[in-house]
There are 2 protein chains.
Amino acid sequence: MVRPTLKKQISNLQEAIKETAWGQITEFGAPALSLRAIARELKITAPAIYNYFPDRDALVTALIIDAYTSFGDSQLEARDSVSENDYVGRLKAIGISYRQWAHTYPQRYELLFGTPIPGYAGPLEKIFPSSARSISALFSTVESIRAAGKLNVDSSPKVKDEYKSHYEVWEKYFSDVHSQSMYVAMMIWARVHGIVSLEIKGNLPPFGKKGDTLYMFELESTARQFIKE
Amino acid sequence: MVRPTLKKQISNLQEAIKETAWGQITEFGAPALSLRAIARELKITAPAIYNYFPDRDALVTALIIDAYTSFGDSQLEARDSVSENDYVGRLKAIGISYRQWAHTYPQRYELLFGTPIPGYAGPLEKIFPSSARSISALFSTVESIRAAGKLNVDSSPKVKDEYKSHYEVWEKYFSDVHSQSMYVAMMIWARVHGIVSLEIKGNLPPFGKKGDTLYMFELESTARQFIKE
DNA sequence: AGTGTAAATATACACTGTATAGTAAAATCT
DNA sequence: AGATTTTACTATACAGTGTATATTTACACT
């Protein structure tokens, strides 16, 4: 038999491949991802996958985009779970959710912010939209703080004109976010990312279930620095 | 010929293997590291490497320790390049050097803080000493600030008693660093690490040669937060 | 001189991604 | 309805990987 009859085919193989990939990533970690292993589990041959993804990197890219979407969903949900004018509350909720998601899906976090796939270099232009969407929860919150005149401008970073060209993609995508908000949001993102990354990788001691050791402190002092009053 | 005569042998093969590995990591990136490729370059066979490293992971561990040593050297040098009582200066010098080293050796930085080797999980207890040494420049500086009574205790994190057990390894290794200094130093480390990581991976726009876009701002506002006056 | 050990080679196995060619089922067109 | 084209696979093969095992020989020591 060279091609199975329709009945025996997996209805949505593209989706099935991704799901199997996620299963293996969850179970064995992202580095162990293998097209052949996926094929074995789906009882097809490895080259069959090439009908749906031109190569392994394309599959990884698709997985990354999915992960960013899941991550972005949780970020937006966290933002919207707090009333719009509770700025500190929104920042904190986003921060807590950031760490929460990373702890719930450590392998996905690794896939997004580590480099677990050997030789994989993602095409940034394909990934950017889903990546930017996931960070937009934070960006929009900071912007709403600025719009309300509550952004502590004195303690906000500025970017010299000569470097502004590098920010064009961002300015374009976040056209409704003021530059100043963007810079502040980038700083906050970096702080959250740094502390979560070090904790997840085990470079820092675990912060406890609610992150109440060092993490909550960082969220609070960051909010205090950038928000007036 | 099964074993070459001594004259034709590479005098220090262990060292030569590591050097060749570094060469390949620098040229092709850490993920492309291959025992067989190293062997080819050294004109030996791949299994010969097993006389010096029990497996690939052991070689990677050795490389990581070397990288931490190089990184630690640059951190300590940066600290000692500024006079002992210039606290802000020392913090800044360490931070600048952190980013500098990452940009000079992006592949080594990747090796230390990313996860570029598929399936590699380093034995933390072997790596910890060289890792802790590299971070000791920052830790000792914060401690000297605290000892001088210039640490802004109000804005310093505290760790609840119930979590203190996780910090034992650290307390033990940094027995001459006060807990409070340790917590502050960890926060600073996380901030620096986060912003450098995102920049290096391309998630944030480049900060320019001197890091004067967002990076210097973060160093300064961090120093301002934790140091009195 | 003979023996034991150390350091390499030779060979082999199981695995990876992927290129190419062949084939049968399904879809389309006449 | 029958012929043709396209689709979705399988089969096979290649070059690469880490690593286990057995073999061989150079060297050190007694």
Side-chain angles (χ1 to χ4, degrees), chain A residues 1-18 20-21 24-25 27-64 111 115-123, chain B residues 1-18 20-21 24-25 27-64 111 115-123:
Chain A
M1 184 229 328
V2 167
R3 183 188 183 178
T5 59
L6 246 190
K7 288 176 191 171
K8 293 202 172 181
Q9 277 182 33
I10 296 154
S11 57
N12 193 341
L13 197 44
Q14 168 131 10
E15 214 47 48
I17 289 168
K18 286 204 288 183
T20 309
Q24 296 190 2
I25 285 177
E27 195 165 358
F28 310 110
L33 189 65
S34 148
L35 295 188
R36 293 186 112 112
I38 294 170
R40 268 195 302 277
E41 198 171 324
L42 289 173
K43 289 178 179 168
I44 57 173
T45 59
I49 297 177
Y50 284 74
N51 285 310
Y52 301 95
F53 301 95
D55 52 24
R56 189 202 52 165
D57 283 11
L59 170 59
V60 173
T61 300
L63 294 175
I64 286 179
L111 191 63
T115 48
I117 308 289
Y120 172 81
Chain B
M1 184 227 331
V2 167
R3 182 188 184 180
T5 60
L6 247 189
K7 288 176 191 172
K8 292 199 172 181
Q9 277 182 33
I10 295 154
S11 56
N12 193 339
L13 197 43
Q14 170 130 11
E15 215 44 50
I17 290 168
K18 286 204 288 183
T20 309
Q24 295 188 4
I25 285 177
E27 195 166 358
F28 310 109
L33 189 65
S34 149
L35 295 189
R36 294 185 112 112
I38 293 170
R40 268 195 302 277
E41 197 171 323
L42 290 172
K43 287 177 180 168
I44 58 174
T45 59
I49 296 177
Y50 284 72
N51 286 309
Y52 301 95
F53 301 96
D55 53 23
R56 190 203 51 164
D57 283 11
L59 170 59
V60 174
T61 300
L63 294 175
I64 286 178
L111 190 63
T115 48
I117 307 288
Y120 171 81

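Residue numbers begin at 1 in each chain, while the letters A, B, ... track the order of the sequences. What's counted below: heavy atoms across the whole structure, side chains too, no hydrogens, waters or symmetry copies.
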Check nucleotides 12-14 of chain D against the protein and report each pair of N or O atoms closer than 3.5 Å, with its distance, or say if there are none.
none

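Proximity of a side-chain donor or acceptor of B:Glu41 to a complementary backbone N or O of B:Thr20 within less than 3.5 Å is not detected.
Counting heavy atoms from C-beta outward, A:Tyr120 and A:Thr61 have side chains that approach closer than 4.5 Å. Taking the side chain as every heavy atom from C-beta outward, B:Tyr52 and B:Lys18 never approach each other to under 4.5 Å. Between B:Leu33 and B:Leu63, the closest side-chain pair of non-hydrogen atoms falls below 4.5 Å. Side-chain contact between A:Ile38 and A:Leu59: present, with at least one pair of heavy atoms (C-beta onward) separated by less than 4.5 Å. Using a 4.5 Å heavy-atom threshold, the side chains of A:Asp55 and A:Leu35 count as separate.
Between B:Arg40 and D:dT17 there is a side-chain polar atom (N or O) within less than 4.0 angstrom of OP1 or OP2. Not one side-chain nitrogen or oxygen of B:Ser34 sits closer than 4.0 Å to the OP1 or OP2 atom of D:dG16. Considering only side-chain N and O atoms, A:Tyr52 lies under 4.0 angstrom from the phosphate OP1 or OP2 of D:dC9.
Across the protein-nucleic acid pair, A:Phe28 atom CZ and C:dT16 atom C1' stand 16 Å apart, rounded to whole Å. Spacing between atom CG of B:Leu59 and atom C1' of D:dT17 amounts to 15 Å, rounded to whole angstrom units. Between the CG atom of B:Asn51 and the C1' atom of D:dT25 there is a distance of 14 Å, given to the nearest Å. Rounded to a whole Å, the CG atom of B:Leu35 is 16 Å from the C1' atom of C:dA8. Rounded to an integer number of Å, the gap from CG of B:Asp57 to P of D:dT17 is 17 Å. Distance CZ (B:Phe53) to P (D:dT19): 13 Å, rounded to an integer number of Å. Per the geometry, CG belonging to A:Asp55 stands 12 Å off C1' belonging to C:dA19, to the nearest Å. In this structure, A:Ile38 atom CD1 and C:dT16 atom P are separated by 10 Å, rounded to whole Å.
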**OP:** Begin with the C-alpha distance, continue with both residues' side-chain angles, and end with the deciding distance and a verdict on side chain to side chain contact (heavy atoms under 4.5 Å, CB included) for B:Ile49 and B:Leu42.
**Re:** CA-CA 10 Å; B:Ile49 296 177; B:Leu42 290 172; over 6 Å; no
